[in-house]
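So the structure is just underneath, and the comments pick up after that.
If you read the sequence from its start, that first residue is 1, and numbering goes on from there.
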Amino acid sequence: MTTTEAPAPASGPGPAPSAATDPPAAVRAVRRWGFLLRRLGFYAAAAAAAIVLNFLLPRLMPGDPSSAIVEELQRVSGQQVPPETLESIRAIFGDPDQNLAEQFVGYLGQLARFDLGVSVVNFPVPVSELVLQALPWTLLLVGTTTVLAFVLGTGLGVIAGWKAGSRLDSILTPLTAFLSSVPYFWVALLALWVFGFVLGWFPLSGGYDANLAEGFNLPFLASVMHYGALPAATIVFSAFGGWLLGMRNMTVTTVREDYVLLAQAKGLSRGRVILRYAARNAMLPSFTGFAMALGGVIGGALLTETVFSYPGIGYLLFESLNKRDYPMMQGVFLIVTLATLLANLLADSLYVVLDPRIREQG
């Protein structure tokens, strides 16, 4: 930092620590690593609790996969299931009469091998294989649109907040407040009816043209983009307003801080003051929300993928709920929970880098 520049405290408002009272570098490093290790321990405990709950909840509910299959076979055939068939079914989907501790040990052994069981509906396809097939579709659609909505919303929020009270701000703020209050499923259904059914610009369901072979070729990729355009647009349309309002309000507060006024008084360019001094500090709360939104990408795909029949994790979960596919539900719930915890852990780790107060206080 040169003597002609105003300080750029990434910590945001608040007094900067004095050099005379700064702890030694070794102490700061110990505090920093101590903070990270405590967070790592917290998320490890949360993951362990999630695994235990994911094991217990299906077993506390009425019914089980083996009994459901047996009932279905008896309903279709009108006869009792032979003992040897019953034994085979329980060997695959679990024996409800087995000791709970033995079941839990077997469940942990399955997880260690990334074995999430076998789907009842798509028997004998493993749950892990179905999840891995659906996961890229969800990450492509919801992951990409979440990032796009965040970038668009925060960018417009900085502009609106920097020029608070201007014509742009007076238009954007109430408009996005209205858009944010509209339920997503209304937006999705309306878009599907107008652009899919009435105008016929976009397909009504699916992830690509079923007549095309899957692969990295231009016709297939073009079909994927065509089928995904309408779901993606509805997600961005519904999500960017929240980011815009949050960032706009934080920017309005930040531009009144002394370090921003000092940077302007020193004659720094407007773009530098906005990006380095105002937006950088105002973005910290939004960054936390962004990390949580990324963690919820997989679980949040349920509504979008159900409305558009998009072949991702959300649609997979919707089908498994409808058809009582217990192993599939259990596998998807576990993946969603662990993905959310991992995203939050990464957010906490990056926050240590972005916010000096966390680094100093440990």
Transitively linked via ILVMFWY side-chain contacts under 4.5 Å: [X] with [Y]?
| X | Y | value |
| --- | --- | --- |
| L100 | V105 | no |
| F237 | I171 | no |
| L168 | L152 | yes |
| F185 | W193 | yes |
| I274 | V255 | yes |

Spatial distance of atom [atom1] ([X]) from atom [atom2] ([Y]) [nearest 0.5 Å]:
| X | Y | atom1 | atom2 | result |
| --- | --- | --- | --- | --- |
| L130 | S119 | CG | OG | 5.5 Å |
| L338 | I51 | CG | CD1 | 6.0 Å |
| S170 | K163 | OG | NZ | 12.5 Å |
| S205 | L230 | OG | CG | 11.5 Å |
| L275 | W162 | CG | CH2 | 10.0 Å |
| I159 | M247 | CD1 | CE | 11.0 Å |

Min side-chain heavy-atom separation [X]-[Y] under 4.5 Å:
| X | Y | answer |
| --- | --- | --- |
| Y315 | S309 | yes |
| L345 | F42 | no |
| R248 | W243 | no |
| L192 | F197 | no |
| T176 | F240 | yes |
| V224 | D209 | no |
| T154 | L244 | no |
| F195 | F202 | yes |

So, for [X] and [Y], which heavy atoms are closest and what is the spacing to 0.1 Å?
| X | Y | value |
| --- | --- | --- |
| L111 | L334 | CD2-CD2, 3.6 Å |
| A239 | A149 | CB-CB, 3.9 Å |
| L212 | S223 | CD1-CB, 3.6 Å |
| A50 | T337 | CB-CG2, 3.4 Å |
| F114 | S128 | CE2-CB, 3.5 Å |
| A188 | V307 | CB-CG1, 3.9 Å |

Practice problem: May I ask you to check whether Y184 and T304 show a side-chain donor-acceptor distance below 3.5 Å? | Solution: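 On atom types as modelled, these side chains qualify, holding a pair under 3.5 Å.
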Practice problem: May I have the step-by-step check of side chain to side chain contact (heavy atoms under 4.5 Å, CB included) for L141 and I235, ending in yes or no? | Solution: CA-CA 9 Å; L141 175 64; I235 295 175; 4.3 Å; yes
Quiz item: Of all residues at least two apart in sequence or in a different chain, which pass the ring pair (Phe, Tyr, Trp, His ring centres under 6.0 Å) check with F104?
Solution: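 For F104, the residues satisfying ring pair (Phe, Tyr, Trp, His ring centres under 6.0 Å) (neighbours in sequence not counted) are F55.
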Practice problem: Show your reasoning for whether side chain to side chain contact (heavy atoms under 4.5 Å, CB included) applies to R270 and V273. | Solution: CA-CA 5 Å; R270 175 177 296 184; V273 174; 5.8 Å; no
Practice problem: Return yes if some donor-acceptor pair links the side-chain N/O of D169 with the main-chain N/O of G161 below 3.5 Å, else return no. | Solution: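 Answer holds: no.
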Quiz item: Is there a donor-acceptor pair under 3.5 Å between the side chain of Q330 and the backbone N or O of L116?
Solution: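 No, because the side chain of Q330 does not come within donor-acceptor range (under 3.5 Å) of the backbone of L116.
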Practice problem: Could you please spell out the steps behind the side chain to side chain contact (heavy atoms under 4.5 Å, CB included) verdict for L317 and F333? | Solution: CA-CA 9 Å; L317 178 60; F333 286 147; 3.9 Å; yes
Quiz prompt | Y227 ring center within less than 6.0 Å of W137 ring center | solution =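 Aromatic pair excluded; centres sit 6.0 Å or further apart.
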Self-check item: L135/I313 under side chain to side chain contact (heavy atoms under 4.5 Å, CB included): CA gap, chis, key distance, verdict
Solution: CA-CA 6 Å; L135 194 58; I313 289 289; 3.9 Å; yes
